[in-house]
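Start at 1 and go down the list; that is how both ligands and their atoms are numbered. The shown structure was predicted, so the numbers you read here are calculated from the model rather than taken from an experiment.
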Amino acid sequence: MTVNLLDFDLDGLAVFCERLGEKRFRAVQLFRWIHQRGVNQFDDMTDLAKSLREKLRNLAFIRSMPVVSQHLSADGTIKWLFDVGDGNAVETVFIPEEDRGTLCISSQAGCAVGCRFCSTGHQGFSRNLTTGEIVAQLWFAEHFLRQHLQREERIISNVVMMGMGEPLQNYTALIPALRVMLDDHGYGLSRRRVTVSTSGIVPMMDRLSQDCPVALAVSLHAPNDALRDTLVPLNVKYPLAQLVAACHRYLAFAPRDFITFEYCMLDGVNDSEQCARQLVERVKAHPGAWCKFNLIPFNPFPASGLLCSSPDRVQSFARILNDAGITTTVRKTRGDDIDAACGQLAGDVKDRTRVADRIAKQRSIRIKLIPLPTVNVSGV
Ligand code: SAH
Ligand code: SF4
């Protein structure tokens with residue numbers, strides 16, 4: 001049996017090395033080769049003893065999933081589709097901005113929560129990703145981009161767990177993956193720059209606050225339980241009062257002093273002035289500037305039967321919240337021409353009848369794949 005070393009956080013790798021009779025500092029060296037240098041061939045790890053390299057060759061490998069496709073958007077966004085076996089694929093999106101590079105990572109193939117407005121939710125649930133499959137998305141993207149852009153320094157500065165799946169329903173795989181991202185010997189990302197987005201799995205939010213408190217985004221989408229029940233089925237189990245209470249508990253441990261609420265703008269469903277005022281009341285019931293809102297223009301797909309709110313509606317909704325002193329931004333849609341925007345990560349169910357999309361699609365460029373070597377060193 002060989003193991004993929006992307007499956008380990010540093011403590012896990014130290015245990016693995018200990019079993020080989022190696023001290024912890026060897027695990028640190030190995031970890032740095034893998035994550036800081038993107039090296040996947042043990043023979044290239046020149047400061048490891050030959051005997052150790054030989055052992056590693058027989059017992060382990062370092063490999064991401066095969067890339068099925070890679071698309072570059074006109075705005076610089078890159079989307080990769082990874083094959084995770086059994087006909088399942090997950091997507092990872094890189095979003096370059098002037099002052100940061102953000103990677104949007106998937107946590108599951110499909111999703112069991114089944115939100116009405118989400119194409120991943122409409123797909124159903126296939127399986128949890130392993131720690132190695134979550135980490136591999138960052139490992140591949142970071143080192144691919146460095147190679148492609150011929151840069152030595154770090155390119156990905158922020159990670160958002162906002163791809164396919166509900167990260168808090170894959171908790172055991174998520175935690176070691178977050179630790180790899182945060183570890184100074186790994187990617188060294190600050191806790192403030194790693195965001196877990198959740199539809200509101202209350203007990204797991206509490207656990208996250210203890211095990212690995214990173215920035216938290218909560219997908220709210222409705223100001224009251226009656227409406228939220230219809231949009232996010234999980235609300236029946238964890239209604240808004242419980243969710244808001246959990247947000248407050250989380251804040252005591254969070255690296256930021258606010259929670260971000262995501263709110264998908266759905267025409268005639270959750271975008272009325274009354275909804276905005278109800279939201280203000282809910283937030284104002286608790287003192288302080290403890291949350292921010294991020295309004296996400298809905299990306300439509302036919303099976304949802306839903307439409308995006310008009311830009312005017314989105315703006316007036318944002319104004320009501322901002323006027324009440326609640327910081328509210330409207331998310332820029334990125335990578336729309338390559339189906340990489342929020343909730344489009346199951347491209348097969350996207351509405352392909354929209355003319356603007358079709359035109360933009362023709363402009364989208366398929367860039368040449370420059371894969372990192374993915375040699376299975378165990379057998380070669
Ligand atoms: N499962 C987690 C994280 C993945 S979804 C969660 O729900 O938070 C990431 C974000 O994309 C969520 O805020 C989700 O509500 C939003 N989203 C899903 N489908 C969308 C769509 N069709 N248009 C716009 N945003 C969408
Ligand atoms: Fe799952 Fe998030 Fe989509 Fe809801 S919005 S179905 S929780 S991925």
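At a heavy-atom cutoff of 4.0 Å, ligand 1 is contacted by both the backbone and the side chain of C118. Only the backbone of T198 comes within 4.0 Å of ligand 1, counting heavy atoms alone; no side-chain atom from C-beta on gets that close. Only the side chain of H221 comes within 4.0 Å of ligand 1, counting heavy atoms alone; its backbone N, CA, C and O stay farther away. Residue contacts with ligand 1, taken as heavy atom pairs separated by less than 4.0 Å, involve E166 via backbone and side-chain atoms alike. Proximity of I296 to ligand 1, defined as any heavy-atom pair under 4.0 Å, is confined to the side chain (atoms from C-beta onward).
In this structure, the side chains of N40 and I34 stay at 4.5 Å or more apart for every pair of heavy atoms. In this structure, L216 and V218 have side chains that are in contact, with non-hydrogen atoms separated by less than 4.5 Å.
For Q274, the CD atom counts as loosely surrounded, since its 6.0 Å shell holds 12 or fewer non-hydrogen atoms of other residues, nucleotides or ligands. With a 6.0 Å radius and a threshold of 12 heavy atoms from other residues, nucleotides or ligands, E153 has its CD atom above the threshold. Within 6.0 Å of CZ in R151 there are more than 12 heavy atoms belonging to other residues, nucleotides or ligands. Within 6.0 Å of the CZ atom in R37, the count of heavy atoms belonging to other residues, nucleotides or ligands does not exceed 12.
A side-chain contact (heavy atoms from CB on, under 4.5 Å) with M181 is found for one member of I134, L103, V135, D9 and no other, namely I134.
Remark: aromatic rings of F261 and F293 are close, center separation under 6.0 Å.
Here the protein contributes C111 SG as N, O or S atoms under 2.8 Å from atom 1 (Fe) of ligand 2.
Taking only non-hydrogen atoms, the option from S199, C111, G165, S197 nearest to atom 1 (N) of ligand 1 is G165. Here the shortest heavy-atom distance to atom 5 (S) of ligand 1, taken over G163, S119, S106, S107, belongs to G163.
Within ligand 1, counting atoms from 1 as listed, the ones closer than 4.0 Å to a heavy atom of M161 are 3 (C). Ligand-side atoms of ligand 1 in range of C264: 23 (N), 24 (C), 25 (N), range being under 4.0 angstrom from any heavy atom. For ligand 1, the atoms lying closer than 4.0 Å to a non-hydrogen atom of P297 are 24 (C). With ligand atoms numbered from 1 in the order given, ligand 1 contributes 21 (C), 22 (N), 23 (N), 24 (C) to contacts under 4.0 Å with heavy atoms of F298.
With respect to the salt-bridge test (charged N to carboxylate O, under 4.0 angstrom), the residues D11 and R24 qualify. Look at R277 and E281 and you find no salt bridge, because none of the NZ, NE, NH1 or NH2 atoms lies under 4.0 Å from a carboxylate O. In summary, D267 and R313 do not engage in a salt bridge, as defined by a charged side-chain N under 4.0 Å from a carboxylate O.
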